[in-house]
Protein chains: 2
Amino acid sequence: MGYCVIEASKNIFCIKSIDVLKLSSKKDHYQRLQSVHQKITELVDQFTPDEFAIEAPFFGKNVQSMLKLGRAQGVAIAAAMTKNIPVTEYSPRKIKQSITGNGNADKEQVWKMLQRLTALPDKPKYYDATDALAVAICHFYGSNSITSKKSGTKKAAGWEKFIQQNPQRILKIR
Amino acid sequence: MGYCVIEASKNIFCIKSIDVLKLSSKKDHYQRLQSVHQKITELVDQFTPDEFAIEAPFFGKNVQSMLKLGRAQGVAIAAAMTKNIPVTEYSPRKIKQSITGNGNADKEQVWKMLQRLTALPDKPKYYDATDALAVAICHFYGSNSITSKKSGTKKAAGWEKFIQQNPQRILKIR
């Protein structure tokens with residue numbers, strides 16, 4: 001399980017913690033769930049985050065792996081919920097779109113873009129950790145656009161409104 | 001979500017609580033997860049159970065519904081885990097087998113058998129609650145057989161051993 005904690009203020013963010021929790025295949029399913037729950041509880045206690053975001057896939061290898069993934073997410077969500085931290089989820093497509101502009105980007109493309117955005121070292125040790133960073137930045141971008149909407153700089157809702165708001169952009173042809 | 005709390009001692013058990021938690025479809029996914037987590041936490045605080053058992057399906061309508069089910073189970077499991085209560089899961093087949101002797105029994109057959117085993121009223125209001133009762137009894141039977149195995153009354157491991165242990169059951173034909 002990859003995780004990442006970022007501190008964000010207005011348009012900038014900095015990484016407070018980024019790593020993976022290794023889940024030994026020797027341990028049984030419930031011990032692994034306990035590790036996930038414990039780790040998230042520790043992170044929540046240490047960093048007292050305001051928000052919590054996860055990746056929610058829409059496809060899986062099979063229903064059994066999705067049930068297991070759901071449980072792992074469930075214990076993580078519970079750890080956030082007990083501290084009343086709101087949870088947001090993003091599809092992998094939305095995350096890739098948000099970072100690279102392309103919803104079908106591969107892991108390396110995402111990583112290269114993350115490298116430009118952050119000051120992380122050359123090669124990631126685990127892509128799971130950088131995936132978590134991608135979720136965090138996606139949520140950061142998302143929250144920022146929500147804030148800007150709230151503060152009044154609304155985007156135009158259609159061409160008609162756009163023309164009203166931007167009369168200088170009309171080309172007059174005779 | 002159906003739930004049931006039983007108190008068991010040796011060969012008898014009694015029902016302490018049996019009901020369903022109605023999860024309004026008006027509420028969003030996270031509010032419903034919160035309701036599940038809160039309810040299980042309340043039950044755990046009220047009854048301080050020693051053990052926790054859930055039904056774990058092997059098939060689902062689709063991967064999305066399995067992810068959601070997994071999350072719901074995850075937040076419930078987390079509520080049990082925070083109190084160090086061991087979690088056991090049973091397949092629907094195993095539960096039906098344990099109650100009726102038939103792994104393919106339908107809901108009504110299971111209910112009729114549960115009625116014989118317990119003193120519950122005629123018609124169940126919600127099958128989800130009686131399903132939870134079935135899981136509890138399945139776990140009770142399972143724990144009991146483990147106990148009896150531990151106390152030495154082992155079942156015969158094969159025909160050879162069975163004959164050794166039960167010589168009176170051999171029919172001699174001349």
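Lettering follows sequence order; numbering is per chain, from 1.
Contact annotation for A:Asn84: only side-chain heavy atoms (C-beta onward) come within less than 4.5 Å of a heavy atom of chain B. Proximity to chain B (any heavy atom under 4.5 Å) is shown, for A:Glu89, by both the backbone and the side chain. B:Ala56 touches chain A through backbone and side chain together, each having a heavy atom under 4.5 Å away.
Most heavy-atom pairs under 4.5 Å with chain A, from the set B:Leu69, B:Leu67, B:Val87: that is B:Leu67. Across A:Gln38, A:Gln73, A:His37, A:His29, the residue that shares the most heavy-atom pairs under 4.5 angstrom with chain B is A:Gln73.
The side-chain heavy atoms of A:Ile54 and B:Arg71, taken from C-beta on, include a pair separated by under 4.5 Å.
With hydrophobic clusters built from ILVMFWY side chains whose heavy atoms lie under 4.5 angstrom apart, B:Phe47 does not share a cluster with B:Phe13. Hydrophobic clustering of Ile, Leu, Val, Met, Phe, Trp and Tyr side chains at less than 4.5 Å, counting indirect connections, keeps A:Tyr127 apart from A:Val5. B:Leu133 and B:Leu21 end up in different hydrophobic clusters when Ile, Leu, Val, Met, Phe, Trp and Tyr side chains are linked at under 4.5 Å. A:Leu23 and A:Ile18 fall into different hydrophobic clusters, where Ile, Leu, Val, Met, Phe, Trp and Tyr residues are linked whenever their side-chain heavy atoms come under 4.5 Å apart, directly or through other members. No continuous path of ILVMFWY side-chain contacts below 4.5 Å connects B:Val20 to B:Tyr3, so the two sit in separate hydrophobic clusters.
Across every non-hydrogen atom of B:Gly74 and A:Val75, the tightest pair is O-CG1, 3.2 Å. Shown here for B:Ile77 and A:Tyr30, the closest heavy-atom pair between the two residues is CD1-CE2, 3.8 Å.
In this structure, B:Glu7 places its CD atom where only 12 or fewer heavy-atom neighbours from other residues, nucleotides or ligands lie under 6.0 Å away. Applying the 6.0 Å contact sphere to CD of A:Gln31 captures more than 12 heavy atoms from other residues, nucleotides or ligands.
Using a distance-only test at 3.5 Å, with no hydrogens or angles considered, no donor-acceptor pair links the side chain of A:Gln34 to the main chain of B:Thr82.
If you take NZ on B:Lys68 and CE on A:Met66, they are separated by 11.0 Å, rounding to the nearest 0.5 Å.
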